[in-house]
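Structure record follows, encoded as structure tokens.
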Amino acid sequence: MAEARVGGVARLLGFAGLAPAVAATILIALGELDAAIVSVAYALLILSFLGGTWWGFAMHAPRHQAMLAIVAVIPSLVAMALGAGVLMTQGSGWSLVAIGVALILTLAVDRWLVARGFAPAGWMALRIPLSLGLGAVTIVAGALIGQAIGHP
């Protein structure tokens, strides 16, 4: 049986997945502040998606399945809490910054998954630029919103 690897199509689709966030951030920079809705929604969607990916790893795990399943639901719970935070702060820039930081922090779990053999070969080569990229773009969107509305 061949070793599982991150394929070229998955890599291409992963990087293409940065486009909505980049486009929304460009629109925010151009003064279209309503694009913040896209930034928030997309970043929270991807955060939940990562949890779903981890869930898939858990379901194929020959050991530690319960622990992996618990870890896998955390991104969706964090996304829900951060989404509520967006509503409570009426979309301040800090909300997007917090979401961006959460996206970057997912790398710790990805690294743990690789170290324990749960993720395919090439996982970190994909996850590092995607998590850092989306996290950074989301943080920049938050900073731009904060600057535009006169507070973070």
Side-chain angles (χ1 to χ4, degrees), residues 6 9-59 61 64-116 118-120 122-152:
V6 174
V9 172
R11 191 175 316 285
L12 177 65
L13 291 172
F15 283 100
L18 293 173
V22 170
T25 302
I26 290 169
L27 288 172
I28 292 167
L30 295 173
E32 297 293 332
L33 301 185
D34 288 343
I37 295 167
V38 173
S39 290
V40 168
Y42 191 71
L44 293 175
L45 174 74
I46 295 301
L47 189 57
S48 289
F49 176 83
L50 287 171
T53 302
W54 299 345
W55 181 270
F57 292 157
M59 296 306 104
H64 307 298
Q65 187 179 74
M67 180 182 56
L68 286 169
I70 290 167
V71 169
V73 299
I74 293 171
S76 294
L77 297 173
V78 169
M80 183 182 69
L82 291 173
V86 169
L87 295 173
M88 292 188 309
T89 62
Q90 298 175 348
S92 76
W94 281 115
S95 301
L96 276 164
V97 170
I99 296 166
V101 169
L103 286 161
I104 292 169
L105 290 175
T106 63
L107 287 171
V109 174
D110 285 325
R111 182 131 174 87
W112 183 85
L113 290 166
V114 168
R116 306 278 174 315
F118 297 118
W123 184 249
M124 291 308 292
L126 177 68
R127 294 301 317 134
I128 289 171
L130 293 181
S131 289
L132 292 179
L134 183 57
V137 168
T138 304
I139 290 168
V140 168
L144 290 169
I145 290 293
Q147 182 180 32
I149 63 175
H151 62 80

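These numbers come from the heavy atoms of this one structure, side chains and all, not from hydrogens, waters or symmetry mates.
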Heavy-atom closest contact ([X] atom, [Y] atom, distance):
{"X": "Pro75", "Y": "Leu47", "value": "CB-O, 3.1 Å"}
{"X": "Leu82", "Y": "Ala102", "value": "CD1-CB, 3.9 Å"}
{"X": "Leu44", "Y": "Ala79", "value": "CD2-O, 3.6 Å"}
{"X": "Val38", "Y": "Ala24", "value": "CG1-CB, 3.9 Å"}
{"X": "Thr138", "Y": "Ala43", "value": "OG1-CB, 3.9 Å"}
{"X": "Ala21", "Y": "Leu134", "value": "CB-CD1, 3.3 Å"}

Gap between atom [atom2] of [Y] and atom [atom1] of [X] - 0.5 Å precision:
{"X": "Ile149", "Y": "Leu144", "atom1": "CD1", "atom2": "CG", "result": "11.5 Å"}
{"X": "Trp123", "Y": "Leu113", "atom1": "CH2", "atom2": "CG", "result": "8.0 Å"}
{"X": "Leu77", "Y": "Ser48", "atom1": "CG", "atom2": "OG", "result": "8.5 Å"}
{"X": "Phe118", "Y": "Trp112", "atom1": "CZ", "atom2": "CH2", "result": "5.0 Å"}
{"X": "Ile128", "Y": "Met124", "atom1": "CD1", "atom2": "CE", "result": "4.0 Å"}
{"X": "Leu130", "Y": "Leu18", "atom1": "CG", "atom2": "CG", "result": "5.5 Å"}

Listed once per pair and sorted, the salt bridge (Lys or Arg N to Asp or Glu O under 4.0 Å) pairs that draw on residues 29-39, sequence neighbours left out: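 Every candidate salt bridge (Lys or Arg N to Asp or Glu O under 4.0 Å) pair involving residues 29-39 fails, so no pair, neighbours aside, qualifies.
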Pairs where residues 127-138 contributes a residue and the test salt bridge (Lys or Arg N to Asp or Glu O under 4.0 Å) is met, not counting sequence neighbours: Asp110-Arg127
Pair Tyr42-Ile99, side-chain contact (heavy atoms from CB on, under 4.5 Å): steps then yes or no: CA-CA 10 Å; Tyr42 191 71; Ile99 296 166; over 6 Å; no
Test item: Thr106 side-chain N/O and Leu103 main-chain N/O as donor-acceptor pair under 3.5 Å: yes
With Ile139, the side-chain contact (heavy atoms from CB on, under 4.5 Å) member among Val101, Leu96, Thr25: Val101
Phe15, CZ atom: more than 12 neighbouring heavy atoms under 6.0 Å: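 Result for CZ/Phe15: enclosed.
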More than 12 heavy atoms from other groups under 6.0 Å of CZ on Arg11: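 Count over threshold, so yes.
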Ile28/Val140 under side-chain contact (heavy atoms from CB on, under 4.5 Å): CA gap, chis, key distance, verdict: CA-CA 10 Å; Ile28 292 167; Val140 168; over 6 Å; no
